[in-house]
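Labels below follow one simple rule: chain letters A, B, ... track the order of the sequence lines, proteins then strands, and each chain is numbered from 1.
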Protein chains: 2
Amino acid sequence: MDFQEFIEQGEKLFLPNLSVDMVIIGFHEGELKCLLLKIGDKWLLPGGYVFRTESVENATVRILRERTGLKDPHFKFLSVFGGEDRKFTEEWKQFFVENNLPFKENTWLNDRFVTLAHYSLVDFEKTKPVIGNFDEAFAWFNLDELPKMWMDHKEIVLTAKNRLKEDIQHEQLTYNLLPKEFTMPQLHGLHQTILGEKLDRSRFQKKMIASGAFERLPKLQKDSPGRKPFQYRVKKA
Amino acid sequence: MDFQEFIEQGEKLFLPNLSVDMVIIGFHEGELKCLLLKIGDKWLLPGGYVFRTESVENATVRILRERTGLKDPHFKFLSVFGGEDRKFTEEWKQFFVENNLPFKENTWLNDRFVTLAHYSLVDFEKTKPVIGNFDEAFAWFNLDELPKMWMDHKEIVLTAKNRLKEDIQHEQLTYNLLPKEFTMPQLHGLHQTILGEKLDRSRFQKKMIASGAFERLPKLQKDSPGRKPFQYRVKKA
DNA sequence: AATGATTTGTGTCACTTTGCCACAAAAAAA
DNA sequence: TTTTTTTGTGGCAAAGTGACACAAATCATT
């Protein structure tokens, strides 16, 4: 679907005034990163619209797959952003002007959008981002060093960051951010990064093992100094 | 707004294909009750649509106020229900036929709806339900004895019931279900009802008091046998 | 008025979980 | 061989939890 077609057909194909946005989070070099796309001189969340014949959930998975190349990505609903004046008119205008496209103020694209924000925890190494038809670039940004972003997208990312902090206390989900096989020191570092505080390594390790959610594998072979850690993977139910 | 006007104007006034539904929960005679409305021979959740010039949040508050008479009701987002074939065609058809109204298959009302479900914890005594223009009746139903309901509305109620069980573990919010001034035995009974299990009274009371969220008031005067309990209210921040 | 039943507030005590530190084992580096 | 780094596990005091006990307060019944 090229842009012209997208503008013309979108109104018929999609549920109007409704979008799905994804905060896609990966863990790389000890930092939490978020996948963003560039349109114009600002960045935005990967997102899309819901086909009239498609469930919201399927739209979410479809959008995620399209942008990450992952088959079965983790995701979780985050929040509704439904402000009465939530429009992207200025952003689209700039995009149209820069691309020498005829800008019309009152297309569906410039109308108000209620967005269903989700977050997704992905294995950074396995994720192969794909830009959309209108995006100029993609990039991973440290959650604490976000660029200029569209509208309220920065707020959405920060909401996700805070939600992750809460969810990690009650749910076993951080392993989605690591490779299938990982070590306790890795998981420990990840949790410290998410919570932004030091966690006692001894206690953390004992607690994780005691949770029974992981099974121990042979030790990891590596060249760095120090004892070689066991590897773990999530127990299948 | 009468029904004819509602049908004709709704499309222009509201965001299409989007609704807000409320699971309004009260606590009465030791049981959790849910406020439902009757249209036709089935019951449905209080709900409504979002004006194009109104935020989702304001719509939620407006709908809640309209149906409960409460000034500043508690509410919390529950979940999105966005199935690809989520339509109320049959239910509306029956309503139109029963009321001798001309039924048209393809009005906005019969289109697919994504609903933003919320739950609201209210003081049963203070709540004065008001039925909508098209509702035949309202009633409070025990959460475990729900009547025949529209589409997936029963599923929404059950989702709320389960969510409440979870939220109560992490958040101080159950006092919304009690009068401003309440006793520890009351709060204890409420928690037991929500969780569906016995909680040690001693421990519960100590934990609640230790949380520091409540301030002790003079003892309650009552005629039943036994020691008179202290009253408490939520500490203002 | 005395006694008993009921309800509520608080105490105790064993058991578990948590926070913090220690230390030994393993393996590269010096 | 010794040192340094990393990882696994142990110990112990403090805090939290579950189960039960018991006393205080108050109405109902002799």
What's the closest nucleotide to the side chain of [X] if the choices are [options]?
X: A/S202; options: D/dG8, C/dT10, D/dG11; value: D/dG11
X: A/Q205; options: D/dA19, D/dT9, C/dG9; value: D/dT9
X: A/P229; options: D/dT17, D/dT7, D/dC27; value: D/dT7
X: B/P225; options: C/dA28, D/dT7, D/dC27; value: D/dC27

Indicate whether OP1 or OP2 belonging to [N] is found under 4.0 Å from a side-chain N or O atom of [X].
X: A/K206; N: D/dT7; result: no
X: B/K219; N: C/dG9; result: no
X: A/K198; N: C/dC20; result: no
X: B/K222; N: C/dT8; result: yes

Quick one: [X] [atom1] to [N] [atom2], roughly how many Å, whole number?
X: B/R201; N: C/dG11; atom1: CZ; atom2: C1'; answer: 13 Å
X: A/Q186; N: D/dT6; atom1: CD; atom2: C1'; answer: 14 Å
X: A/Q231; N: D/dG8; atom1: CD; atom2: P; answer: 11 Å
X: A/D223; N: C/dA26; atom1: CG; atom2: P; answer: 19 Å
X: A/R216; N: D/dT7; atom1: CZ; atom2: P; answer: 14 Å
X: A/D200; N: D/dG8; atom1: CG; atom2: P; answer: 14 Å
X: B/F204; N: C/dT8; atom1: CZ; atom2: C1'; answer: 14 Å
X: B/K228; N: C/dT7; atom1: NZ; atom2: C1'; answer: 11 Å

Any salt bridge linking B/D152 with B/R86? Criterion: basic side-chain nitrogen under 4.0 Å from a carboxylate oxygen.
yes
N-O pairing of A/D123 and A/K180 below 4.0 Å
no
Of all heavy-atom pairs linking B/W43 and B/A137, the shortest is CZ3-O, 4.2 Å
Base of D/dT6, side chain of A/R227 - is there a donor-acceptor contact under 3.5 Å?
no
Heavy-atom nearest nucleotide on DNA chain D for A/G226 versus A/M184: which residue maps closer to 5'?
A/G226
Calculate, to the nearest 0.5 Å, the distance between atoms CZ and CG belonging to A/F204 and A/L190 respectively.
7.5 Å
Taking the six-membered ring for Trp, are B/F77 and A/F77 closer than 6.0 Å centroid to centroid?
yes
